[in-house]
Amino acid sequence: MLQVRGSKAGTEQEFTANDDSGNKLFSGRLREAGREKGRLEAVVRDRLTEERYAHVLAVRDCAAKLAELYGVDREKAELAGVLHDYARDLPGEVLLSLAEERGIPFSEIDRKVPILLHGPVGAALVREELGVENPEVLDAIALHTLGGAGMSMLAKIVYVADIIAADRDFPGVNRLRQLAGEDLDRALVECLATTLRYCLERRRLIHPQTITAWNYYCLRD
């Protein structure tokens, strides 16, 4: 579990969170919905639907297991897992507006399907509103939907965990779960293939960032 410790200061909750080595990941004051509850999970829960929050917890737990398996910092994996859908329930027009205000580049595909921006927009909001500064965690949040070339181990773990978490139920998910326990890079490629296949079968747009990720990891094999 992500450890967030704090004490109340006025109407806000001050907190710090450390990684497995005791190094500070972030500190700050919980704002908005998290003031009274004082826990990071509560901030996320208040932003999301009940179903989405259950998914977030499933991804957190899956990411933690994969992190332990592959020698990645569990605290960072849990933090990224908890926060990966921070902006997922924002309306499309809000995501586009937030991206534009923050200089986050977006394409015509993002404009057509603005929910694809919830990763990078979420990373920006997590930094601004929760004080999370760790670049690995922010990168994992930003890339968890579309993937990308040269992903860190943490980003790979969160991307895969988002697809194979316990709440996911689709043909082939058990094979992906087994593969994730054997070879993270192979699991990443197969998860990318699953996403591409899903879009092709439904004649949906495919974001060029996902194609770039696919080509990058296929060329490495």
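Not a single donor-acceptor pair under 3.5 Å links the side chain of Arg45 to the backbone N or O of Tyr53. Of the possible polar contacts, none joining the Tyr217 side chain to the Leu188 backbone as a donor-acceptor pair under 3.5 Å is found. At least one donor-acceptor pair under 3.5 Å links the side chain of Asp110 to the backbone N or O of Ser107. Counting only distance, with no hydrogens or angles, the side chain of Asp85 and the backbone of Arg88 share no donor-acceptor pair below 3.5 Å. Remark: side-chain polar atoms of Asp139 are not paired, donor with acceptor, to backbone N or O of Ser152 under 3.5 angstrom. Side-chain atoms of Thr210 do not come within 3.5 Å of backbone N or O of Ile206 as any donor-acceptor pair. Side-chain atoms of Arg177 come within 3.5 Å of backbone atoms of Ala165 as a donor-acceptor pair (strictly under, hydrogens ignored).
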Quiz item: Given the rule in the side-chain contact (heavy atoms from CB on, under 4.5 Å) test, do Leu143 and Gln209 qualify, once you have shown the distances and angles that lead to the verdict?
Solution: CA-CA 9 Å; Leu143 296 176; Gln209 185 175 318; 3.4 Å; yes
Quiz item: Can you list the steps and then say if Arg60 with Glu78 is a salt bridge (Lys or Arg N to Asp or Glu O under 4.0 Å)?
Solution: CA-CA 5 Å; Arg60 177 201 64 188; Glu78 288 190 333; 5.2 Å; no
Quiz prompt | Worked check of side-chain contact (heavy atoms from CB on, under 4.5 Å) between Asp162 and Arg168 | solution = CA-CA 9 Å; Asp162 187 36; Arg168 299 296 198 191; 3.3 Å; yes
Exercise. Output, in order, the C-alpha distance, side-chain angles, deciding distance and verdict of side-chain contact (heavy atoms from CB on, under 4.5 Å) for Leu130 and Leu125.
Key: CA-CA 8 Å; Leu130 302 180; Leu125 294 181; over 6 Å; no
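With hydrogens and angles left out, the side-chain atoms of Tyr86 and Glu129 include a donor and acceptor closer than 3.5 Å. In this model, no donor atom of one side chain and acceptor atom of the other lie less than 3.5 Å apart for His118 and His84.
Other residues, nucleotides and ligands contribute over 12 non-hydrogen atoms within 6.0 Å of the CD atom of Glu182. Atom CZ of Arg186 has 12 or fewer neighbouring heavy atoms from other residues, nucleotides or ligands inside a 6.0 Å radius. Summarising the local packing, CD of Glu101 is surrounded by more than 12 heavy atoms from other residues, nucleotides or ligands at distances under 6.0 Å.
Considering every non-hydrogen atom in both His207 and Ile109, the closest pair reads CD2-CG2, 4.0 Å. Considering every non-hydrogen atom in both Ala180 and Ala187, the closest pair reads CA-CB, 3.6 Å. Here the closest non-hydrogen pair linking Gly181 and Tyr70 is C-OH, 3.7 Å. Counting all heavy atoms, side chain and backbone alike, Val158 lies closest to Ala80 at CG2-CB, 3.7 Å. Taking all atoms of both residues into account, the shortest heavy-atom contact from Gly81 to Val59 is CA-CG1, 4.1 Å. Considering every non-hydrogen atom in both Trp214 and Val189, the closest pair reads CZ3-O, 3.5 Å.
Taking a cutoff of 4.0 Å between a charged side-chain nitrogen and a carboxylate oxygen, Asp89 and Arg47 do not qualify as a salt bridge. Of the charged side-chain nitrogens involved, none lies within less than 4.0 Å of a carboxylate oxygen, so that Glu133 and Arg127 do not count as a salt-bridged pair.
In the hydrophobic clustering of ILVMFWY residues, with side-chain heavy atoms under 4.5 Å counting as a link, Leu184 and Leu219 come out apart. At a threshold of 4.5 Å between side-chain heavy atoms, the hydrophobic network of Ile, Leu, Val, Met, Phe, Trp and Tyr places Met151 and Leu179 in two separate groups.
From Lys65, atom NZ reaches atom CD1 of Ile164 across 10.0 Å, with rounding to the nearest 0.5 Å. The CE atom of Met153 sits 9.0 Å away from the CG atom of Leu66 when rounded to the nearest 0.5 Å. In this structure, CD1 in Ile157 is found 11.5 Å from NZ in Lys76, a value given to the nearest 0.5 Å. Rounding to the nearest 0.5 Å gives a distance of 11.5 Å between CG of Leu96 and CG of Leu90. In this structure, CG on Leu154 lies 15.5 Å from OH on Tyr159, to the nearest 0.5 angstrom. Between the CZ atom of Arg102 and the OG atom of Ser97 there is a distance of 8.0 Å, given to the nearest 0.5 Å.
Contact check for Glu100 versus Phe106: side-chain heavy atoms found under the 4.5 Å cut-off. Residues Val44 and Glu41 form no side-chain contact, since every pair of their non-hydrogen atoms from C-beta on lies 4.5 Å or further apart. In this structure, the side chains of Asp167 and Leu57 stay at 4.5 Å or more apart for every pair of heavy atoms.
Geometrically, Arg202 engages Tyr198 in a cation-pi contact, judged by NZ or CZ lying under 6.0 Å from the ring centre and within 45° of the ring axis.
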